[in-house]
Amino acid sequence: MEIILPDPETGKRYNAQSAYLKKRFGKKTVKISLNGGFTCPNRDGTKGIGGCSYCSEKGSGDFGGDPAESISKQFEDVRSRLEKKWGTDLLYIPYFQANTGTYAPLERLKNLYEEALAQENAVGLAVSTRPDCISEETADYLGRLSERTYLTVELGLQTIHDRTAARLNRCHTYRDFLHGYRLLRSRGVNVCVHIINGLPGETPKMMLETAQALAELDIHGIKIHLLHIIRGTALAEQYERGEFSVLEPDEYVETVCDQLEVLPPSVVIERLTGDGDKSTLIAPLKSTNKKAILNGIDKELRRRGTVQGCRS
């Protein structure tokens, strides 16, 4: 198996999304977070109520657009902010981030997705959803869509351990995840999987087992998150009662490096830590220094002399 050597331009020892997209499209390509006004079956009573215990009121779309605005208006608002940061020579991937991005009638999904793809310099589409919200009909459409654009469907797994998932009120199992994953992959749709390190009751060994299980699948990408305790969530109440502790930055760095070593080199690393909303973040407060965590991961991989996939 070919191993990812340190990138000569960035020095990264893993297959970073920014470099992957630049190589694929020829210039800097960034995601534009959108809010399609979706809800979630774990909020509306179909699967559960209250949502996952860690999920914010905005359905993990804290940095998305205003659902009262059209997709085109949201896109332009976010694009103008990104251009101030990186200039105008950019390509874009509209990203339906908030709540469950396939949880709606197919015709509504088509209208939202097609409007997003019609935006100037949009070269792909990303949709974040639950693995138990992929119907055969929706999977068929996504398969056709992936034949004409760079489509990635992001499935929230968080952990392969069903006991942990039940504690989080996920209201789906690892078996449910595999079913949704297979519906998409059988139609050629790229799948990116979200996992969270530091979930209540999980050990470093359990977190590594999640990465190892995903390494056996044909996933396109992965997003690795550090658990954030957000004010107003059920998890915040548990944390304040002292029912669990959060990972310290050095523990998180060690765990992520272990996971990177077992993930195949072809897997695109879309995220290595999350962006918590500082106005609602309770813990871990050190996670707001995202640069320090990313630098810590780079430093630890160099210290070990290892790279993504070296143990896969």
Side-chain angles (χ1 to χ4, degrees), residues 17 21 29-44 46 51-52 55-79 81-82 90-135 137-158 177 180-181 183-184 187 189-194 219-223 225 268 270-271 274-275 277:
Q17 177 182 233
L21 292 177
T29 304
V30 296
K31 286 186 174 180
I32 288 189
S33 183
L34 304 171
N35 191 326
F38 299 105
T39 183
C40 175
N42 200 13
R43 288 178 180 269
D44 68 7
T46 302
C52 301
C55 194
S56 71
E57 184 179 348
K58 295 182 179 179
S60 296
D62 300 81
F63 301 104
D66 181 351
E69 302 282 1
S70 70
I71 294 302
S72 298
K73 178 65 164 57
Q74 291 183 46
F75 186 95
E76 286 303 317
D77 288 347
V78 178
R79 178 165 69 174
R81 296 198 297 270
L82 293 176
L90 299 172
L91 297 175
Y92 303 98
I93 296 176
Y95 174 31
F96 287 94
Q97 181 179 20
N99 283 301
T100 304
T102 60
Y103 189 51
L106 182 57
E107 284 306 308
R108 180 164 181 254
L109 297 181
K110 288 181 178 179
N111 290 337
L112 290 169
Y113 298 170
E114 297 295 343
E115 182 178 356
L117 282 169
Q119 303 306 306
E120 184 178 1
N121 291 330
V123 294
L125 183 71
V127 178
S128 181
T129 190
R130 285 171 60 95
D132 56 350
C133 289
I134 306 290
S135 67
E137 184 182 40
T138 298
D140 287 342
Y141 168 65
L142 292 171
R144 294 192 298 272
L145 194 60
S146 70
E147 293 174 357
R148 62 184 177 89
T149 194
Y150 174 62
L151 171 67
T152 303
V153 176
E154 302 185 9
L155 297 181
L157 170 62
Q158 321 317 349
F177 164 81
Y181 158 82
L183 282 175
L184 295 169
R187 292 160 172 82
V189 179
N190 292 326
V191 173
C192 172
V193 183
H194 290 227
I219 64 172
H220 176 69
I222 191 168
K223 286 187 174 180
H225 301 264
V268 180
E270 295 203 9
R271 184 179 289 277
D275 296 309
D277 185 342

Interatomic spacing from OG in Ser128 to NZ in Lys223 - rounded to 0.5 Å: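 It comes to 6.5 Å.
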Atom CD in Gln74, atom CG in Asp77: separation rounded to 0.5 Å?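 It is 8.0 Å, given to the nearest 0.5 Å.
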Tell me, with the steps shown, if Arg271 and Glu154 meet salt bridge (Lys or Arg N to Asp or Glu O under 4.0 Å). CA-CA 12 Å; Arg271 184 179 289 277; Glu154 302 185 9; over 6 Å; no
Minimal non-hydrogen separation, [X] against [Y], with atom names:
X	Y	value
Asn99	Cys40	OD1-CB, 4.2 Å
Phe96	Ala116	CE1-CB, 3.9 Å
Phe38	Ala104	CE2-CB, 3.9 Å

Main-chain N/O of Cys133 paired with Thr102 side-chain donor or acceptor, under 3.5 Å: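 Such a contact is found between Thr102 side chain and Cys133 backbone.
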Scan the side chains in residues 138-145 for donor-acceptor partners under 3.5 Å anywhere in the protein, sequence neighbours excluded, and list what turns up.
| unit_1 | atom_1 | unit_2 | atom_2 | d |
| --- | --- | --- | --- | --- |
| Thr138 | OG1 | Ser135 | OG | 3.0 |
| Asp140 | OD1 | Arg187 | NE | 2.6 |
| Asp140 | OD1 | Arg187 | NH2 | 3.0 |
| Tyr141 | OH | Glu114 | OE2 | 3.0 |

4.5 Å side-chain heavy-atom contact, Val268 and Thr152: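 They are not in side-chain contact.
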Listed partners of Glu76 passing side chain to side chain contact (heavy atoms under 4.5 Å, CB included), at least two apart: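 If we apply the side chain to side chain contact (heavy atoms under 4.5 Å, CB included) test to Glu76, skipping adjacent residues, the hits are Arg79, Gln119.
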Within residues 98-107 or reaching into it, pairs that qualify as salt bridge (charged side-chain N to carboxylate O under 4.0 Å, His left out) - sequence neighbours excluded: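 Salt bridge (charged side-chain N to carboxylate O under 4.0 Å, His left out) check on residues 98-107 returns Glu107-Lys110.
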Please work out which of the three classes, parallel, tilted or perpendicular, describes the rings of His194 and His225, given edges at 30° and 60°.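 Aromatic pair His225/His194 classed parallel.
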